[in-house]
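Order of the sequence lines fixes the chain letters, A, B, ..., with proteins taken first and strands second; residue numbering starts at 1 for each chain.
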2 protein chains.
Amino acid sequence: MKKKTTIKDIANVLKITPSAVSRALHNHPRISDKTKAAVKKVAKELEYQPNQLASALRSGKSKLVGVIVPRTNSHFFSSVVENMEEELNKKGYNVIFTQSNESYDKECRNIETLLQTQVDGIIASLTNETVDFSHYEKIKAKEIPLILYDRGDNDIGVDYIGIDDYKSSHIVVDHMVEQGCKRIAHIAGYRHTRIYNNRIKGYIDALEKHNLPLEKELILEGDLTVEGGRQKMEELLKLPQRPDGVYAAGDYAALGALQVLLENNIKVPEEIALVGFSNEPFTSLVTPAISTIYQHNEQIGKLVAKQFLKREKDKTWKPQLNKIILDAELIVRASSKKKE
Amino acid sequence: MKKKTTIKDIANVLKITPSAVSRALHNHPRISDKTKAAVKKVAKELEYQPNQLASALRSGKSKLVGVIVPRTNSHFFSSVVENMEEELNKKGYNVIFTQSNESYDKECRNIETLLQTQVDGIIASLTNETVDFSHYEKIKAKEIPLILYDRGDNDIGVDYIGIDDYKSSHIVVDHMVEQGCKRIAHIAGYRHTRIYNNRIKGYIDALEKHNLPLEKELILEGDLTVEGGRQKMEELLKLPQRPDGVYAAGDYAALGALQVLLENNIKVPEEIALVGFSNEPFTSLVTPAISTIYQHNEQIGKLVAKQFLKREKDKTWKPQLNKIILDAELIVRASSKKKE
DNA sequence: TATATTTGTTCAATCGTTTGAGCAAATGTA
DNA sequence: TACATTTGCTCAAACGATTGAACAAATATA
């Protein structure tokens, strides 16, 4: 039943006041080096652990950052979060982490609870459902930093870190053309989600750049699940003239497509080349390994954390749209290597 | 620059004291229904949000639970955490979540920071490295609930929730024998990790149960990575007499084994059946889909949360070893279906 | 009617730390 | 020597909520 030691205990031992102890521990210039040393020694002896709650209450800073993640069972998000945490921990912040599970309601509730917990800032990526952004205004009203990543680039008018989806499609198409593809199909996500729309636009413009004709029946919008990928691939195989390359806007869809191709004894990449998107771990594990777009997960995590720390420091900053867009990177694997 | 409303503000509006407001909000029996209603009305009007920090400081309860996860980029852990969070949120707890990244040092630091944040309890799964448990004694000393899951069953003498690894091996071997396997190899994890040791013991005893001879060269210990699985599988293929079934103690190793089998044009499951462990998502995605052990991720998450809530409620509880062991479930897929 | 009990509230201390103001002693400046 | 500045600390009031004790008013009991 041993009590936690407080600054008061340290003060008693040294016959000074708690205020002096507090200042000593924070290296206040008006405390003598002698006292500082003595305080720190006693603090160590008594195993003093500052009570963050008390300090948070008094100073108004909880040293907690709230993070909202759409899902954790995606490699992209979990590695983003991992790096964010690391960076923030270094600066003495802890991360409270919540999942929205792609549900708008849950996202709203997450914001509620995070604000209630008096977090010093919020880092979020929107759910696919989110089209109304009023709940984010609450955060802005509290005047704490709000940083978005991956989803929600233009929506709320704050800092945003993500990759360039439009350009990513260019990179993919450039690569496939370079490998000899002449008719590239696109298994796309739904247009109403901005990132998928950008990928579609990038795909279209890249075709034009390479003087390839745009064929409507080669763009197939759908949900990017394994099953979705299978269906779209089957449709593509039924076309009078088959494509010689397939660019899927998601890895799961790419996997579904690959399964169908292999089941039909179509050689990948010789007959049809395949590229996915996101660098989910399994892409390197299947045979043939799937080429895909790597979104710099780690770097996004770190950049988000740094942006938060920057905003947190500068009290005068007023929220405004500020995008940091990273170039994605193509990882070329067997599924798209027609040439050696 | 609008200030947050406090109970004091509500008190001023109604010309009563903050204590009355506090009690009204908590439905204290000695506050009249009239006052309660009035307080709640004003609270709503002023958009009152209780300051958790203040309440935590005074009451000594932060309503935060610290969770330590070895890694998040594993499907098992992320779904465990997801369900844990949901269950705890329901009861008004927030989750502070930290990763140890399988590093002992990081684990120690995680505990430090969690304790510093004054969490009401800690939920943890040990890293593979952890063999010294003294840092966990600190948690026990603080007399806050400590619940372990998946890793660390007997080590610390507290509540533990996990699956029965020994029995899981029996289930796997039973199934393979039933499918007609006569010589089952085991690509095992290192014995010094308890769960892997239990899987090995289960494998051995199950063979005996089925009157199958135990052949030393069919047990191959190693790290259960894709590459590790590949190597072990290659060793197995070099044996004078090949096994007709392979039970890998991890899905990644199973995948590596599968790759080698397919590269050698060995028919799976006809010539060699294959079973993995953990139900990582990719096991259902590869061809043939890999049979594996499902660890009831969701249920473990929920049970851990419930156990925490139970301990949190009962102040008189003294930590003692208390294991909840779930039976794992075999998911039979193509890779082990020799019979129809 | 006098006393006991219940009801509804106020009072004041407290959780542990931070922080502006205050003040004496030490040091610097003229 | 006299005054200004700096140094090193103390004092006391916060931060916002909770809680045991106190107390007046209302109600019940004898």
Side-chain angles (χ1 to χ4, degrees), chain A residues 2-40 42-43 46-64 92 115-120 142 144 315, chain B residues 2-40 42-43 46-64 92 115-120 142-144:
Chain A
K2 58 175 171 182
K3 293 275 291 176
K4 277 170 289 187
T5 60
T6 71
I7 50 169
K8 220 169 167 177
D9 299 324
I10 302 178
N12 285 337
V13 171
L14 295 170
K15 307 283 175 222
I16 55 177
T17 60
S19 5
V21 174
S22 172
R23 291 194 162 102
L25 291 171
H26 290 83
N27 285 317
H28 191 282
R30 295 279 277 276
I31 297 289
S32 68
D33 291 345
K34 203 180 103 198
T35 308
K36 281 180 190 165
V39 165
K40 284 171 187 171
V42 175
L46 299 184
E47 293 185 325
Y48 169 71
Q49 299 268 46
N51 184 325
Q52 300 252 26
L53 292 178
S55 124
L57 176 59
R58 178 62 233 249
S59 64
K61 297 276 111 195
S62 63
K63 288 286 181 176
L64 252 38
L115 290 179
Q116 244 175 62
T117 319
Q118 316 286 125
V119 293
D120 287 348
K142 290 239 178 182
I144 58 174
K315 295 289 140 206
Chain B
K2 59 175 171 181
K3 293 274 291 176
K4 276 170 290 186
T5 60
T6 69
I7 50 169
K8 218 170 168 178
D9 300 324
I10 303 178
N12 284 337
V13 172
L14 294 171
K15 306 284 176 224
I16 55 176
T17 58
S19 5
V21 174
S22 171
R23 290 195 163 101
L25 291 170
H26 289 82
N27 284 318
H28 192 282
R30 296 277 278 276
I31 298 288
S32 67
D33 290 345
K34 202 180 103 198
T35 309
K36 280 179 190 167
V39 165
K40 283 171 186 172
V42 175
L46 299 184
E47 295 185 327
Y48 169 70
Q49 298 266 49
N51 184 325
Q52 301 252 27
L53 293 177
S55 122
L57 176 60
R58 177 62 234 250
S59 64
K61 297 276 110 193
S62 64
K63 287 283 177 180
L64 291 170
L115 290 180
Q116 242 173 63
T117 318
Q118 316 286 125
V119 293
D120 287 347
K142 291 238 180 184
E143 304 194 345
I144 57 175

Would you tell me if any nitrogen or oxygen in the side chain of [X] comes within less than 4.0 Å of OP1 or OP2 on [N]?
| X | N | answer |
| --- | --- | --- |
| B:S59 | C:dC15 | no |
| A:S22 | C:dT18 | yes |
| A:T6 | C:dG16 | no |
| B:T35 | C:dT9 | yes |

A:I16 side-chain proximity, nearest of D:dG16, C:dT17, D:dC9: D:dC9
Minimum-distance nucleotide (side-chain atoms of A:R58 versus D:dA13, D:dT10, D:dG16):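 Taking heavy atoms from C-beta onward, the closest nucleotide is D:dA13.
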Could a donor-acceptor pair under 3.5 angstrom be found where the side chain of A:R23 meets the base of C:dG20? yes
Which residue lies more 5' along DNA chain C, comparing B:S32 with B:A54 via nearest heavy atoms: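 Taking each residue's closest nucleotide, the earlier one in sequence belongs to B:S32.
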Answer yes or no: is there a donor N or O on one side and an acceptor on the other, between the side chain of A:K36 and the main chain of A:H26, under 3.5 Å? no
Would a distance-only check, ignoring hydrogens and angles, find a side-chain to backbone donor-acceptor pair under 3.5 Å from A:D120 to A:K61?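 No.
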Between C:dT10 (C1') and B:I31 (CD1): distance, integer Å: 10 Å
Using a 4.0 Å heavy-atom cut-off, does A:S19 contact any base of the nucleic acid, only the sugar-phosphate backbone, or nothing at all?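 A:S19: base contact, heavy atoms under 4.0 Å.
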If you apply the rule side-chain contact (heavy atoms from CB on, under 4.5 Å), what do you find for B:T5 with B:E47, and how did you get there? CA-CA 7 Å; B:T5 60; B:E47 295 185 327; 5.5 Å; no
Mind checking the CD-CG spacing from A:Q52 to B:L64? Nearest 0.5 Å is all I need. 11.0 Å
